[in-house]
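Remember, predicted model here, so these are calculated numbers, not experimental data.
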Amino acid sequence: MDPRLREDDKYSNEHSDMLDIQKIRQDFPILHQQVNERPLVYLDNAASSQKPIQVIDAVADYYRKDNANVHRGVHRLSQRATDAYEASRSKVRNFVNAQSDKEIVFVRGATEAVNLIAQSFVRPKLNAGDEILISHMEHHANIVPWQMLCEQTGAKLNVIPMNLEGELDLSTFDELLTDKTKILAVGHVSNALGTINPIKDMIAKAHAKDIPVLIDGAQAVPHMEVDVQDLDCDFYVFSGHKMFAPTGIGALYGKQDLLEAMPPWQGGGDMILSVSFEHTQYNELPYKFEAGTPHIAGAIGLGAAIDYMQGLGIANLAQYEHDLLVAATEKVSAMDGVRIIGTAKEKASVLSFMIEGVHPHDVGTIFDQQGVAIRTGHHCAQPVMQFFGIPATARASFAFYNTMEEVDALVMSIQKVQELFA
């Protein structure tokens, strides 16, 4: 067993007994198919998760029964659509333990949310010479918007380094937090490595110097309980499609006083109270940041996904997925010619690896021939790949509908690659 994983975390049936995995799998229609005449093994959950029938039905029912615009109609369909849309906002608020529905803004996903904060919260207070602090393991969505902002303003982008285990090197963190730092923006969980960052401590240190903090939680909310009040972050962003909800929907949490002080992100319908050619009065929170017709069906689907996860018990899901990851790490670590990229002590869901003498894209192609879906490439985290001196990795990522048998399929697929390239 990998010594970095605690002995008492070794897989046992005790945790899986909390969940009826075979029953859960019946809720996911897409899993019951063959790929290349083999049963599908879906291990690409960090890219996008599959959707239970409860989410699919919630979206379909909206289009079948309630399809109308929200907030604008007095007729029954519009009222029902509005009720369902706003009920989902309340579910998101409960999901992350925000204080108020006003603190939950629907967006297309984490990417749009980061851009919203960059342009509406940070840019108005940013001057040439000011600094933005991110980490070396960020997804491109939490790098590029800040680079663009620096180009627009003359600010400087600073980077928290990482180590060869795939953990943040926080030895210089205090020094990187300066009176010029206007925001700390860091991922909760690395999509490329699975590392769980110590964000609560980082937030506290930033706040001690009056530096606001944005957390990218896209890879965290599918795999663990998140409490934004306990974290005390200023902003927390995530995407629906990684947490069993539709694509094109996500949420931004922001502390109410900060959102109140921010100018609108986009202009249009629904984000206004009144418009004349001389003046526009903006709407109250959270609608000030939701211009135009929203992704109503997506928001309803997001609410259904939250209901589904909470119905199973998020702590139960997290423990079961951890057991899968521990078992997969143990088995892959024991294989000759295979190198795991990212061996942090605290990880969630992700196992990135290299097979000696084989390009990851070839690995992914051979896996697909075995019916096993993994992700290969730089995972929108090219600086991580550059740090390890590699072009790409093969990445298996788990969800609660995966099984120990699928962990074995992962191992057998690695063996198949090695046989073909022997």
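A donor-acceptor contact closer than 3.5 angstrom links the side chains of Thr393 and His379. Between the side chains of His136 and Asp169, no donor-acceptor pair of N or O atoms lies under 3.5 Å. Side chain to side chain, Gln310 and Asn94 meet the donor-acceptor criterion of an N or O pair below 3.5 Å. Using modelled atom types and a 3.5 Å distance limit, the side chains of Ser135 and Glu138 yield a donor-acceptor pair. Residues Asn197 and His188 have side chains that never bring a donor and an acceptor to within less than 3.5 angstrom of each other.
Between Phe244 and Phe400, a ring centre-to-centre spacing shorter than 6.0 Å is recorded. In this structure, His223 has its ring center no closer than 6.0 Å to that of His322. In this structure, the ring of Phe106 has its center no less than 6.0 angstrom from the ring center of His295. Annotation: Phe235 is in aromatic contact with Phe121 [ring centroid separation under 6.0 Å].
The two residues Ile104 and Ala98 make their nearest non-hydrogen contact at CD1-CB, 4.0 Å. Here the closest non-hydrogen pair linking Val59 and Pro246 is CG2-CG, 3.9 Å. Closest of all the heavy-atom pairs between Met271 and Lys288 is CB-O, 3.5 Å. The two residues Ser78 and Asn69 come nearest to each other via the heavy atoms OG-O, 2.7 Å. Between Val70 and Pro294, the shortest heavy-atom distance links the atoms CG2-CG, 3.8 Å. The heavy-atom pair separating Pro222 from Met309 by the smallest distance is O-CE, 3.7 Å.
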### Message
For Glu290 and Asn283: C-alpha separation, side-chain torsions, deciding distance, then whether side-chain hydrogen bond (donor to acceptor under 3.5 Å, both in side chains) applies.
### Response
CA-CA 10 Å; Glu290 295 179 4; Asn283 209 339; over 6 Å; no
### Task
Decide side-chain hydrogen bond (donor to acceptor under 3.5 Å, both in side chains) for Thr178 and Glu131; before the verdict, give the C-alpha distance in whole Å, the side-chain angles of both, and the deciding distance to 0.1 Å.
CA-CA 8 Å; Thr178 75; Glu131 299 172 353; 3.0 Å; yes
### Query
Where do Lys209 and Asp174 land on the salt bridge (Lys or Arg N to Asp or Glu O under 4.0 Å) test, with the steps shown first?
CA-CA 10 Å; Lys209 298 185 178 182; Asp174 290 339; 5.4 Å; no
### Task
Report the C-alpha distance between Arg64 and Asp61 in whole Å, list the side-chain angles of each, state the deciding distance to 0.1 Å, and finish with yes or no for salt bridge (Lys or Arg N to Asp or Glu O under 4.0 Å).
CA-CA 5 Å; Arg64 287 194 187 104; Asp61 285 347; 3.3 Å; yes
### Query
Is there a side-chain hydrogen bond (donor to acceptor under 3.5 Å, both in side chains) between Gln319 and Asp323 once you walk through the steps?
CA-CA 6 Å; Gln319 182 60 67; Asp323 290 341; 3.1 Å; yes
### Task
Could you please spell out the steps behind the ring pair (Phe, Tyr, Trp, His ring centres under 6.0 Å) verdict for His71 and Tyr287?
CA-CA 10 Å; His71 304 147; Tyr287 313 113; 4.9 Å; yes
### side-chain hydrogen bond (donor to acceptor under 3.5 Å, both in side chains) between Asn45 and Tyr401, intermediate numbers included
CA-CA 10 Å; Asn45 296 286; Tyr401 44 64; 2.3 Å; yes
### Message
Walk me through whether Lys347 and Glu167 qualify under salt bridge (Lys or Arg N to Asp or Glu O under 4.0 Å).
### Response
CA-CA 10 Å; Lys347 288 184 61 174; Glu167 298 171 329; over 6 Å; no
### Task
For Asp101 and Arg93, run salt bridge (Lys or Arg N to Asp or Glu O under 4.0 Å): C-alpha distance rounded to whole Å, both residues' side-chain angles, the deciding distance at 0.1 Å, then the answer.
CA-CA 6 Å; Asp101 286 4; Arg93 186 257 309 151; 3.0 Å; yes
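Side-chain contact between Leu157 and Gln147 is present, with at least one heavy-atom pair separated by less than 4.5 Å. Looking at heavy atoms from C-beta onward, Leu184 lies in side-chain contact with Ile160 at the 4.5 angstrom threshold. Taking 4.5 Å as the limit, every side-chain heavy atom of Asp336 sits out of range of all side-chain heavy atoms of Val338. Annotation: side chain of Glu225 is not in contact with side chain of Leu317 (no heavy-atom distance under 4.5 Å). Side chains of Glu406 and Thr403 form a contact here, defined as non-hydrogen atoms less than 4.5 Å apart. Taking 4.5 Å as the limit, every side-chain heavy atom of Ile134 sits out of range of all side-chain heavy atoms of Val186. Side-chain contact check for Met335 versus Val411: some heavy-atom pair is nearer than 4.5 Å.
Taking CG of Leu40 as the reference point, atom CD of Gln370 lies at 13.0 Å (rounded to 0.5 Å). Taking CD1 of Ile215 as the reference point, atom CD1 of Ile199 lies at 4.5 Å (rounded to 0.5 Å). With values rounded to the nearest 0.5 angstrom, Asp270 atom CG is found 7.5 Å from Ile272 atom CD1.
Of the options Val114, Thr111, Ile117, a side chain to side chain contact (heavy atoms under 4.5 Å, CB included) to Pro145 is made by Val114 and by none of the others.
Arg25 CZ: more than 12 foreign heavy atoms inside a 6.0 Å radius. Around CZ of Phe421, the count of heavy atoms belonging to other residues, nucleotides or ligands within 6.0 Å exceeds 12. Atom NZ of Lys65 has 12 or fewer heavy atoms from other residues, nucleotides or ligands within 6.0 Å. Crowding of Gln33 atom CD: a count of heavy atoms from other residues, nucleotides or ligands under 6.0 Å exceeding 12.
In this structure, Ser239 contributes its side chain and Lys242 its backbone to no donor-acceptor pair below 3.5 Å. Under a 3.5 Å cut-off, the side chain of Ser397 and the backbone N or O of Ala47 do not form any donor-acceptor pair. When atom types are taken as modelled, the side chain of Thr153 and the backbone of Ala155 share a donor-acceptor pair closer than 3.5 angstrom. Listed for the Asp201 side chain is no donor-acceptor partner under 3.5 Å among the backbone atoms of Pro198. Put simply, the side chain of Thr280 never gets that close to the backbone of Val275: no donor and acceptor are under 3.5 Å apart. Under the 3.5 Å distance criterion, the side-chain polar atoms of Arg395 are matched with a main-chain donor or acceptor of Asn191. No donor-acceptor pair under 3.5 Å is formed between the side chain of Asn158 and the backbone N or O of Ile132. When atom types are taken as modelled, the side chain of Thr195 and the backbone of Gly166 share a donor-acceptor pair closer than 3.5 angstrom.
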